[in-house]
Student: 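Take a look at this one; I'll ask things after.
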Amino acid sequence: MYAQTRARTLADLAGGATWMREVVLVVGTSIAIGAVAQLEIRLPWTPVPVTLQPLAVFIAGAALGSRRAAAAIAAYLLQGAVGLPVFAGGASGVAHLLGPSGGYLFGFLPAAFAIGFLAERGWDRSPVRAFAAMCVGSSLLFVCGLLQLAVYIPRDQLLAAGLYPFVVGDLLKMAAAAALLPAAWKLLGRTGAALGVGDRVG
Amino acid sequence: MTPTYLSLGRFLPRQSPLHRLDAGVKLVSVVLLATAAVWSRSLLAQACVASLLLLGFAAARLPASVLLRALRGAAWLLLFVAAANLLWAVVVRSLEWASGVGAVQHASDLALLLTRLFNLVLLSVLFTATTVPVDVAEGLARVLRPLERLRLPVHDLGMLLVLSLSFVPIFFEEARHLTAAHRVKMGRVRWGWRDRMRAVVPLVVPLFLSVVRRGDELAVALDARCFRPGRPRTSLVRARIGVLEVTSLSASAAVLVAALWLL
């Protein structure tokens, strides 16, 4: 299962995968997602904070692949649930997960999984397809987020509080991820090929 | 001195039945009560959940300041939910308010939302203050074990969660040391957000290196303890089902059933 001959995701380029390497990748990613959350911007009319987390989740999903990315998000959510200050602005706790903005946290899970699933099928190799994969992930994220937000605020304010403020920022994040990932493939694919573990599918 | 991995979380060591309660069972109880709090649409049911939780809070012998601090942390959410709903009421429902019926209905809706949030905060505090993080990961892996039938790698996932929980505080500590060192080198007293942003870059590389180094150490440590991925592990904390566990489960299940179908 660990003996893969060709790289399917960026993380596979790191060479022969051992259990320990997977653990370091997953745990490191979960910590990175928590670290990114520390820098938040609060908009006065919505309980949902603006962070760079979606960008980190998109990149993690594509770079790690579906299973590892999902495990990293699961680890991140658990860290927050047991009280480590990894949610936006150093918050933590079950209340945060089940509160108005918790849906966006749960949404990271399907988003990262979907992007990883698509990346394993080569969608992160070209900017256009990478962007399409990000769109899929992002919509899953917003569906989850809005569903849970709807429990707490009136329906007609839902989109104003949970979607519109984030569209432009998320498009930028998606574009950044869509530009970074194929570039990383170009860069690492070449060195990876030199090491004999690179991608030859293209 | 409290070890770092305890002091970073919200765990408060006490001698209480809630602290002794099996982590897996506690997790299931939390899920049941959270479902009751989120789904129930009656104030009476929320009051039921709140009273059970307050009972637990008293049994856990936690100081009230813990709850107050958590509520202050959630003040933003509480305020926002109240403001959003009030605004909606004033703008959209102002006609119904004239009749008086709408006002009463709306006040109860708002009370429901606020008690729901209060219950979630209370639940969250109670859970994190009485449970050691690593026990939660072990408990979660135990609770999810039936999913192994679906070929989900629950065992590996459990180990991963345990490792990640013990890793996070180490990294927080490491990052703190690195930023402190950086600040000393910069020799500046006041730190604006721009300085913070700029300080991120010199933080990333040493932190990354320390991840790799810790990973190596961990690999050696796991090897020395004969750990093999995918193989069953024994655990220091044994699952137990006693009077305490049965009481907790049945109380929370009863509240859930009452909240969803009776009240």
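Each chain gets a letter, A, B and so on, in the order the sequences are listed, and its residues count up from 1.
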Student: A:Ala75 versus chain B, heavy atoms under 4.5 Å apart: side chain, backbone, both or neither?
Tutor: both
Student: Would you mind checking if A:Asp170 and A:Lys173 are paired as a salt bridge, meaning a charged N to carboxylate O distance below 4.0 Å?
Tutor: yes
Student: Got a second to check how far B:Phe167's CZ is from B:Phe172's CZ, nearest 0.5 Å?
Tutor: 14.5 Å
Student: For B:Leu207, is there any backbone N or O sitting under 3.5 Å from a side-chain donor or acceptor partner on B:Ser210?
Tutor: yes
Student: Using a distance-only test with no angle check, is there a side-chain donor-acceptor pair under 3.5 angstrom linking A:Thr29 and A:Arg68?
Tutor: no
Student: Does any heavy atom of chain B fall under 4.5 Å from the side chain of A:Leu39, the backbone, both, or neither of them?
Tutor: side chain
Student: Pick from B:Leu117, B:Val30, B:Leu157: which one has the most heavy-atom pairs with chain A under 4.5 Å?
Tutor: B:Leu117
Student: Checking A:Ala81 against chain B: side chain, backbone, both or neither under 4.5 Å from a heavy atom?
Tutor: backbone
Student: Kindly confirm or rule out a cation-pi arrangement of B:Arg116 over B:Phe118, judged by NZ or CZ under 6.0 Å from the six-membered ring centre and within 45° of its axis?
Tutor: no
Student: Side chain, backbone, both or neither: which part of A:Gln79 has a non-hydrogen atom closer than 4.5 Å to chain B?
Tutor: both
Student: A:Val23 versus chain B, heavy atoms under 4.5 Å apart: side chain, backbone, both or neither?
Tutor: both
Student: Should the pair B:Glu174-B:Arg176 be classified as a salt bridge under the 4.0 Å nitrogen-to-oxygen rule?
Tutor: no
Student: Keeping to residues at least two apart or across chains, list the side-chain hydrogen bond (donor to acceptor under 3.5 Å, both in side chains) pairs with something in residues 51-65 of chain A.
Tutor: A:Gln53-A:Tyr76
Student: Whether the A:Glu120 and A:Thr9 side chains hold a donor-acceptor pair (N or O, under 3.5 Å, no angle test) is what I'd like checked.
Tutor: no
Student: In residues 146-153 of chain A, which residues are in contact with chain B at a heavy-atom separation under 4.5 Å?
Tutor: A:Val151, A:Tyr152, A:Ile153
Student: Is it the side chain or the backbone of A:Ile31 that comes within 4.5 Å of chain B heavy atoms, both, or neither?
Tutor: side chain
Student: Looking at residues at least two apart in the chain, or sitting in another chain, which of them share a side chain to side chain contact (heavy atoms under 4.5 Å, CB included) with B:Ser252?
Tutor: B:Ser29, B:Leu32, B:Leu33
Student: Of the backbone (N, CA, C, O) and the side chain (C-beta and beyond), which part of B:Arg214 lies under 4.5 Å from a heavy atom of chain A, both, or neither?
Tutor: neither
Student: Tell me every residue that passes side chain to side chain donor-acceptor pair (under 3.5 Å) with A:Ser126, counting only those two or more places apart in sequence or in another chain.
Tutor: none
